[in-house]
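To start, the structure itself, in structure tokens.
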Amino acid sequence: MPSTSHSPTDAAARGGATIARIAELAGVSTATVSKVVNGRAEVAPETRALVEAVIREHGYRRQKKQNRATLVELVLHELEGAYAMEVIKGVERVASENELAVVLTELHGRHTPGRTWIDGVLARKPAGVITVFSAPTRAQQEQLASRGIPFVLVDPTNDPGQEFPSVGTSNWSGGLSATRHLLDLGHRRIAAITGPANFLSSRARLDGYRAALDAAEVPIDPTLIRVGDFNVIDGLTHGRDLLRLDRPPTAIFAFNDAQALGVYQAAHEAGLRIPHDLSVVGFDDLPPAQWAIPALTTVHQPLSDMAAAATDMIVTLAQGDPLPQNRLMHATGLTVRASTTAPRP
């Protein structure tokens with residue numbers, strides 16, 4: 001069994017083995033190794049796993065200079081809504097400046113790519129991979145690293161630490177500023193509709209919400225915190241439930257704009273006017289927020305700039321240059337519009 005004393009990056013740094021050497025070590029043909037290296041499908045799973053293990057141990061050295069990569073891979077958990085469009089615009093802006101085309105993969109709501117995705121990436125040999133609100137599996141990460149294909153995480157679902165390049169935003173500060181704004185207006189029963197409890201952005205926004213309440217010496221009421229999934233239906237469903245409470249909230253902080261729009265519908269159904277009867281704050285500040293009626297107060301996160309920064313990182317890494325820093329954090333800021341006001345006496 002191959003030793004695991006070195007990472008794929010370490011192996012690559014040592015120069016790596018040629019296809020012929022990998023074939024010799026694995027006891028297979030050079031044609032088989034070539035198919036694995038290039039993401040071809042017609043290799044038995046057991047043979048593929050054996051070759052990948054040898055590549056992880058010894059690295060892979062290209063036998064001749066490759067043509068300059070002309071693609072960047074963009075992986076999104078879903079393509080619905082303005083969130084995806086803001087990301088695509090940011091990637092396309094930098095990609096076009098560097099004469100790169102963009103290949104797009106949608107995960108249909110999942111947060112890790114499927115098994116067949118990596119084969120296509122290896123066959124296309126992109127300059128790099130950008131994953132948004134998702135991440136490659138550990139095995140996929142090893143395969144990318146062994147082929148010298150860098151990847152960058154945007155809005156990562158979990159803490160990437162310093163191991164992988166990432167671009168995020170100050171979610172904690174955003175949650176704090178949204179809640180503090182409502183407190184400053186005089187609200188004390190402030191509900192929160194979160195994203196998934198295990199996601200980094202949702203946890204940070206909730207921590208900011210709690211910190212603002214704690215600083216204002218407002219007790220946290222667990223009945224006012226509802227766990228959602230960052231979509232309109234969550235805002236509508238949880239909004240209905242919150243507004244049916246014996247003591248309903250006077251304000252709701254939705255952890256993204258889509259959920260906030262769901263709250264708008266729940267308020268309409270309940271015969272409540274925003275902001276006179278209920279104040280609402282969102283998070284993202286996507287273009288539709290300013291066209292809501294009334295225009296939505298929301299926390300701005302610069303998704304397009306975040307995606308552009310990730311693409312800049314890919315270009316730098318593809319050129320063989322080190323990154324000035326592995327982790328970029330963009331600031332959030334509260335955009336106050338017409339959906340918030342002081343609570344009724």
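In this text the structure is predicted, and so the values were computed from the model without any measurement. Position 1 is the first residue of the sequence, and the numbers go up from there.
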### Query
With a 4.5 Å limit on heavy-atom distance, are the side chains of L242 and I252 in contact?
yes
### Under-4.0 Å salt bridge between E52 and R147
yes
### Summary
Result for side-chain hydrogen bond (donor to acceptor under 3.5 Å, both in side chains) between T298 and one of D284, T340, D285, D257 points to D257
### Task
Would you mind checking if D119 and R48 are paired as a salt bridge, meaning a charged N to carboxylate O distance below 4.0 Å?
yes
### Task
Grab the two heavy atoms, one from T341 and one from P275, that are nearest each other, plus how far apart they are.
CG2-O, 3.4 Å
### Heavy-atom check, side chain of T70 versus side chain of E99, under 4.5 Å
no
### Task
May I ask you to decide if G174's main-chain N or O and R205's side chain share a donor-acceptor pair within less than 3.5 Å?
no
### Task
Classify the side-chain pair T112/T137 by whether it contains a donor and acceptor separated by less than 3.5 Å.
no
### Task
Please tell me if the side chains of R210 and D214 come closer than 4.5 Å, counting only heavy atoms from C-beta onward.
no
### Query
N326: what forms a side-chain contact (heavy atoms from CB on, under 4.5 Å) with it, not counting sequence neighbours?
Q162, P165, L323
### R21/V54 under side-chain contact (heavy atoms from CB on, under 4.5 Å): CA gap, chis, key distance, verdict
CA-CA 10 Å; R21 178 59 176 156; V54 173; over 6 Å; no
### Message
Quick check against the 3.5 Å criterion: does E106 have a side-chain atom that pairs as donor or acceptor with the backbone of L79?
### Response
yes
### Straight-line distance of I274 CD1 to S279 OG, nearest 0.5 Å
8.5 Å
### Task
Work out which heavy atom in V227 is nearest to a heavy atom in G195; give both atom names and the distance.
CG1-O, 3.7 Å
### Task
For residues F164 and F151, establish whether the separation of their ring centroids is below 6.0 Å.
yes
### Task
Would you give the length of the straight line joining atom NE2 of H108 to atom CD of E78, rounded to the nearest 0.5 angstrom?
10.5 Å
### Message
Within this structure, what is the CG-CG distance for the pair N171 and L176, rounded to the nearest 0.5 Å?
### Response
12.5 Å
#### Entry: Heavy-atom pair with the smallest gap, counting every atom of P156 and S166
CG-CB, 4.5 Å
### Query
R189 and side-chain hydrogen bond (donor to acceptor under 3.5 Å, both in side chains): which partner among T250, T223, D221?
D221
### Query
Under 3.5 Å, is there a donor-acceptor pair between the T297 and H181 side chains?
no
### Query
Same cluster for I88 and V129 if Ile/Leu/Val/Met/Phe/Trp/Tyr side chains link at under 4.5 Å?
no
### Task
Taking D229 for its side chain and N231 for its backbone only, find out whether a donor-acceptor pair lies under 3.5 Å.
no
### Task
Would you check if the side chain of Q143 reaches a backbone N or O of L122 as a donor-acceptor pair within less than 3.5 Å?
no
## Note on the structure
dist H111:NE2 -> T157:OG1 (nearest 0.5 Å) comes out at 7.0 Å
### Query
Is the side chain of S134 donor-acceptor paired with the backbone N or O of V132 at a distance under 3.5 Å, no angle test?
yes
### Task
Mind listing the closest non-hydrogen atom pair of G271 and D277 along with its distance?
O-OD2, 4.4 Å
### Aromatic centroids of F199 and F133 separated by under 6.0 Å
yes
### Task
State the CZ-CD distance between R226 and Q259, to the nearest 0.5 angstrom.
13.0 Å
### Message
Less than 4.5 Å apart, side chain to side chain, heavy atoms only: is that true for S201 and D155?
### Response
yes
#### Entry: More than 12 heavy atoms from other groups under 6.0 Å of CD on E80
no
#### Entry: Validation row: I190, V281 side chains within 4.5 angstrom (heavy atoms)
no
### Query
Is there side-chain contact between W117 and V75, with at least one heavy-atom pair below 4.5 Å?
yes
### Shortest non-hydrogen contact between T169 and H330, atoms and distance
OG1-O, 3.0 Å
### Summary
By ring pair (Phe, Tyr, Trp, His ring centres under 6.0 Å), Y209 pairs with (sequence neighbours left out) none
### Message
For a 4.5 angstrom cut-off between non-hydrogen side-chain atoms, does T335 reach L296?
### Response
no
### Query
Hey, are E86 and K89 close enough for a salt bridge, meaning a charged N less than 4.0 Å from a carboxylate O?
yes
### Message
I'd like to check P136 versus L153 (side-chain heavy atoms, cut-off strictly below 4.5 Å). Are they in contact?
### Response
yes
#### Entry: Heavy-atom closest contact (T311 atom, V91 atom, distance)
OG1-CA, 3.4 Å
### Task
Could you grab the distance from atom CD1 of I193 to atom OG1 of T237, nearest 0.5 Å is fine?
9.0 Å
### Message
Could you tell me if R93 and S304 have a donor-acceptor pair between their side chains, going purely by distance under 3.5 Å?
### Response
yes
### Task
Indicate yes or no: does R138 engage E163 in a salt bridge with an N to O separation below 4.0 Å.
yes
### Query
Take atom CZ in R180; do more than 12 heavy atoms of anything else shown fall under 6.0 Å from it?
no
